[in-house]
Structure formats: structure tokens, C-alpha cells
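Reminder, nothing fancy here: chain letters follow the sequence lines and each chain counts from 1. These values consider heavy atoms only, across backbone and side chains, with no hydrogens, waters or symmetry-generated copies. A quick note: this is a predicted structure, and the numbers were derived from the prediction, not measured.
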Amino acid sequence: MAEKAPAGAGDEGWPENFIAARIRTDLAEGRNGGRVHTRFPPEPNGFLHIGHAKSICLNFGLAEAFGGLCNLRFDDTNPTREEVEYVDSIREDVRWLGFDWGEREFYASDYFEQLYQYAVQLIRDGKAYVCDLSAEQIREYRGTLTEPGRNSPFRERPAAENLDLFARMRAGEFADGSRVLRAKIDMASGNINMRDPVIYRIARVPHHRTGEQWCIYPMYDFAHGLSDAIEGITHSICTLEFQDHRPLYDWFIEQLPVPSRPRQIEFARLNLSYTVMSKRKLLKLVEEGLVEGWDDPRLPTISGLRRRGFTPEAIRSFCDRIGVAKRNSMVDVALLEHAVREDLNRRARRYLAVLRPLKVVIENYPEGQVEELEAINNPEDEGMGRRKVPFARELYIERDDFMEEAPRKFHRLTPGREVRLRYAYFIRCERVAKDDNGEITTLYCTYDPATRGGSAPDGRKVKGTLHWVAASTAVKAEVRLYDRLFTEPDPGAEKDGRPFTDKLNPHSLEVLENCFLEPALAEAAAGCPVQFERLGYFVRDAACGPAGKPVFNRTVTLRDTWARKAARR
RNA sequence: AGGGGUGUCGUCAAGCGGUAAGACACAGGCCUUUGGAGCCUGCAUUCGUAGGUUCGAAUCCUACCACCCCUGCCA
């Protein structure tokens, strides 16, 4: 018994959860010689998403909190669906999230020879046999959820024959699918995973790492736990659907002379509202062109979130907040949005940008004059300094910031009312020019020279502050506004019979091609988060619009109590 | 002949027999040269239901109910 709680989790700000508690208990009881070793085990057959981020943060976070290690191990036992491209993107995403697996990048395929020897051992011990039943027959023999299965006619094959057959399977003497190696456990088990599970299949498919070296490949259940054991993993953390596999996981480890005894612990995978997380559904969105690719900024993939402007810090903070438990749950996407806003508020430089421009002419401002006004880069951090923003007679303001007939609580521009242009002057709207359709084309205003910088020496106050961009020096840009991809909180449920693709939000992407940015934004680097004041957080996309126009993606809007209240009315 | 899980605020989630943390959301207020940020306040007499044990139960016992997962030579 430990006199005091082991160092690490609990007193380091690591959120308490049942897995951390379990590890703490294991440590207190002296298990694993005080070691904590986890692993993140993706199959390289798709892109990582925010659900994987939860697992990554958990596995790497736990290891770090307890002074242990976390391996990156690719579970590459099924070459028919795995590719190096996925390996590369997974590696990049994990690193981008801020985790380091050092030299410990492993592959289940690294252990194919050892795994094969383990299988041979099982055969020698009479605990595995080569079965000639077809896939369909195996299914029939397996029984159902409520009825036991029947023994395969090949179940009692002598060890010597099994050994010979298995060697010839490896040697390529048999056709794909003609035979499998099965563990001999219990065809009557209530747990279907224990009904003589297949542990090796024949497949003449080149493997992304081992090439054509093998034509038999181990199944997940056989390879996974044994790989854990080979790597000295102490806590093998996986999702709930593998709970039923735990007895099998333990069975292999108990039967074989493995170097360590890892234990499997399951937790609930992440579900996020207004999106889908399953590989199948994400793949469908990508393949059917419903989104623009795996890194579409509306997708919950790591690459999509990155392109959308999410930071690793925000994602990790989110993962810390959602907790870890065993109950199926659906996390409100608002929590993710909160996490980015919180992070970006601290670090994003502020700029002025007008998305839906409305021209303003300051009639009493000297024609041709341009002056430089000082603006604060980040009010949350004076250390980020100041910059100059050009002001001139002709400007753009946001169309939404003007209303000809405004309700009482509308604090923005309206005929006859004075408002502040941020960091500039108080202006008053004198008259409105319209085109033949009655559409407002220009606002004619006057300014008060005494209010330079944005405050009046006579102490008079103004209710609203608007963002603006001087017309002559403005940088043209394309801005993409993203919203949730689906209109329903749980589009993937499909309980109403409607496929999830019927629930796509038609307004999830709005492209604004005629936006104006203050000149300083021309140098914004792709991937560097910025705030457009009063609008939200944006990030420059690596892509360019026509004529080299910069493209900005909206990460998330600012909280907008005005809009929220207006929407309620 | 089925097996394995889970049920605590709108959403996550602590709690481990001593009298319901926290976060997001929401609602008010303060402040404000971003209707941003920040600050303050409110928000489960109740823990799936019903019994029981106990001085005392979300925590222990019993029964019931609801939901999730499992019949790939996928992971």
C-alpha cells in the first residue's frame, strides 16, 4: 500500500476519470513495477477525427501524467484497406496535436513473425486448429445471439496436421479464403467472440510494409493484445464496443508465454452534436462530393479542423473538458466552439475587415487625405503591440451595421445618429443614396474631427462602435463562412428512416467574394489565427481565390448576444 | 442460451454510507472604443423506477424499467 497518492494524475490538474483512478490503484498496488505505458493504435485506413483526438489525448495524457510512455502503433493487420498515405496523415495529425512518441513508432506488422510463432504455439498446445469451412459455413456454425454454435468438423484435427496445414497456409499452397486458423475455445459461449474465433486468414494482398512477404494475416483480436504484450503496454485503452472482446484479449495472453500482461480498459467514444463521426459516413460525404475532401473545414476530421482554424491547444482543452466515462453520450458542439474562442481570444491578433461592404463617404473629410490611426493588436495582451490603420474619406462598413429604420435597441448606424468608427472618429449619417431598386448604395456621413482616436473631448458618449476599412487601401479577399454541417443534433441516428445525408445544412458554407480587409492582413500567414473585430475568428487558407485574392476561413463567430436576442424575437 | 455495458441538471461530468463539485448552455446584472473579452448572480431538496437495510443512501441489497454493443475470414 502506498502511504501517499502516487505523483501525477490528480494533483497535476489532470482531470479525474475512472481510468486515471484505476491506474492510480494499480500503481498503489505495485502492479507493472510502477510502470505506466499506453499506446494509440489507429488502423491506417482513414483520416483521424476529433473522436480520435479524445483517445490520443487520453493515452498520451495519461502516460505523461503518470510519468510513463505512450507508443504510436499502427494496427495494420488488414492490407486490403490500409495505405501509407493514411499512415502519413495520422502521423502528421498526432504530431500537430502536440504529442511525441519519440522512437516508439510501431506497427503490428513488425510482429508478424512473432505472432506467427505464437499461433504455432497455440496449435502445438491443442488450442488452435486449421478449419476448412467456408466463410458462410463458419457463420452458420457460429450460432446466433440466443443459440449456441456447433463445433467445426475440423475442430479435432491433430496438432501435427494443423501444424503442417498452417505452415502450408503461410507458404501459399492454399487459395485465399479456403482455410483459416481458429482458436479452440467454446462454441457454446454466450460471448460470440469466444466461439472459436478466426485468428488467421489467407489473403494474397500486398501489405504497405511487408510487401508480398505474407499471404496470411492475423486478425485484430489475435494481433492487438499480443502486440500490446510485446510492447510492454500496461493499460490498453479502447472503446466500448471492444468490451465483449476483453475475455478473448485475456485468453490469448493467458495461453501464451508473452513478456507482459497488459489489461484492457474501455471508455465511451466521443459523439459530437450536429456532425457525424463514423468512418463510413465521413467516407460517404467525401466520396459523394457532399464536402470538398477529408480536410473540408466543416468536417470533424483533424485536418478539417486544422484548416478551419482550430488550434491544437483548443482541441486538447476540449478533450480535457469532456471527461472520460463509460456511458454513451453526445457532447454539445458549443463546448468545442467555446474551447476555440477561449484559446483564440488570448492569442489571435485583431484586425478590421468588412465582409458585406456598404460604402460610406465622409463628406467633410478632406478629399485625398489618408491618415494612420493607431489600433491595438490584442486587448487581452498589450505585449502584442499596436499597428497603424489607414483612414480616408471613402470607407466600407458592414451592411448589417446600418438600418434605415431601426428598432430602439439597435446601437449601430441609422440616419441622424452618431456612432464611433473603431479607433477613428464619431460619424453621423446624413443621408442615404439608393439605386433604382431601392437598394442602399452609399451612406453620406459627416465626422467630428475632435473625436480622433474614438473619444469625444466634451465627454459625449456613443452607443455603438463599428468596424470599417478605408476603400483606397483595402485588400480584396474571399471569405468562407462555415456553419454546422447538419441541421439536426444527431444526424447519424437515422431513426426516422431518413439518411443522414438528407440532414445536411444547405447553409453550411457561404462564400463571400467581395470582402475588404485592412492592409495589414495582406501579410497574414496561412494557418495563423486572427480575429476580425466584431465578426469572429478567421484563418487564412493555403488556397488562393481568383487573381491571387487571399481566402480566409471563418473558424467560429464571436459570441453575439445581440444576434441571439434578435433571433429570439 | 444468450452475453456484455450504461442510467446524477438542457449537454458533458464529479461523487465510492455523512447529507448533490465543476464545465458548457441558459437567464439576469455590472463593465466596455469589439453588442467581443472580463466580472457578479441565478440555475438538480434530488441522483431511471419501486421497495428494503441504516441514525443517515446517488452511494449497500432486491426487483423492475430504459437505452447502447455483440452473430466480418473488419478494426
Side-chain angles (χ1 to χ4, degrees), chain A residues 15-17 21 41-43 45 75-78 80-82 131 133-135 138-140 142-149 176-182 188-195 197-203 217 219-221 223-224 238-247 266 268 273 279 320-339 341-342 345-346 350 352 375-376 379-380 409-412 420-424 426 451 453-455 461-467 489 531-536 557-566:
Chain A
E16 180 59 34
N17 62 55
E43 182 189 12
N45 71 341
D75 242 332
D76 55 352
T77 55
N78 183 5
T80 60
R81 21 196 273 172
E82 296 155 4
C131 181
L133 254 24
S134 68
I138 285 181
R139 194 181 321 122
E140 284 160 22
R142 188 157 33 224
T144 69
L145 292 178
T146 52
E147 300 159 27
D176 286 13
S178 61
R179 281 175 230 260
V180 293
L181 182 70
R182 293 227 253 169
S189 172
N191 183 342
I192 291 175
N193 296 120
M194 302 299 271
R195 319 237 266 226
V198 171
I199 58 181
Y200 265 92
R201 75 282 218 182
I202 303 171
Y217 292 96
M219 299 288 290
Y220 165 85
D221 285 306
H224 192 87
C238 64
T239 45
L240 252 29
E241 66 271 27
F242 292 104
Q243 280 182 123
D244 290 343
H245 296 242
R246 195 183 339 138
E266 312 85 10
S273 61
K279 262 180 193 171
D320 283 351
R321 287 162 186 264
I322 57 177
V324 179
K326 296 192 73 157
R327 76 183 76 127
N328 292 313
S329 59
M330 167 84 66
V331 174
D332 191 339
V333 71
L335 185 58
L336 214 211
E337 292 171 349
H338 169 80
R341 287 196 185 100
E342 183 180 64
N345 177 51
R346 260 187 293 111
R350 269 118 245 234
L352 299 181
I376 296 165
E380 302 295 315
K409 308 268 255 209
F410 185 78
H411 294 161
R412 287 114 93 149
R420 171 170 38 235
L421 292 183
R422 173 141 244 229
Y423 298 127
F426 285 8
T451 57
S455 54
K461 300 288 184 198
V462 102
K463 283 255 188 65
T465 299
L466 312 187
H467 58 278
Q531 182 192 103
F532 291 174
E533 291 213 24
R534 301 211 304 137
L535 296 173
T557 62
L558 253 26
R559 269 182 85 244
D560 189 344
T561 50
W562 162 253
R564 185 151 34 91
K565 285 177 180 172

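Looking at heavy-atom distances under 4.0 Å, Gln243(A) makes contact with sugar-phosphate atoms alone, never a base. Contact annotation for Ile138(A): base contact, defined as any heavy-atom pair under 4.0 Å involving a base atom. Residue Val198(A) is in sugar-phosphate contact alone, with no base atom involved, counting any heavy-atom pair closer than 4.0 Å across all strands shown. Within 4.0 Å (heavy atoms only), His338(A) reaches sugar-phosphate atoms of the nucleic acid but no base atom.
If you check distances only, the side chain of Arg139(A) never reaches the base of G72(B) with a donor-acceptor pair under 3.5 Å. Contact annotation: side chain of Gln531(A) to base of U34(B), donor-acceptor pair present below 3.5 Å. Side-chain atoms of Asp244(A) and base atoms of G3(B) include a donor and an acceptor less than 3.5 Å apart.
Residues Leu240(A) and Lys326(A) have side chains in contact (heavy-atom distance under 4.5 Å, counting atoms from C-beta outward). By the 4.5 Å heavy-atom criterion applied to side chains, Glu266(A) and His245(A) are not counted as neighbours. At least one side-chain heavy atom of Pro247(A) sits less than 4.5 Å from a side-chain heavy atom of Met194(A).
Stacking is found between Trp562(A) and the pyrimidine-like six-membered ring of the G35(B) base under the 5.5 Å centre-distance and 30° plane-angle cut-offs. For A75(B), the base is not stacked against the aromatic ring of His224(A), per a cut-off of 5.5 Å between centres and 30° between planes.
Listed nucleotides: C24(B), U34(B), G36(B). Nearest to the side chain of Glu533(A): U34(B).
A donor-acceptor contact closer than 3.5 angstrom is absent between the side chains of Arg422(A) and Thr465(A).
Anti is the conformation of G28(B), whose glycosidic angle sits further than 90° from 0.
Between Arg559(A) and A37(B) there is a side-chain N or O to OP1 or OP2 distance below 4.0 Å.
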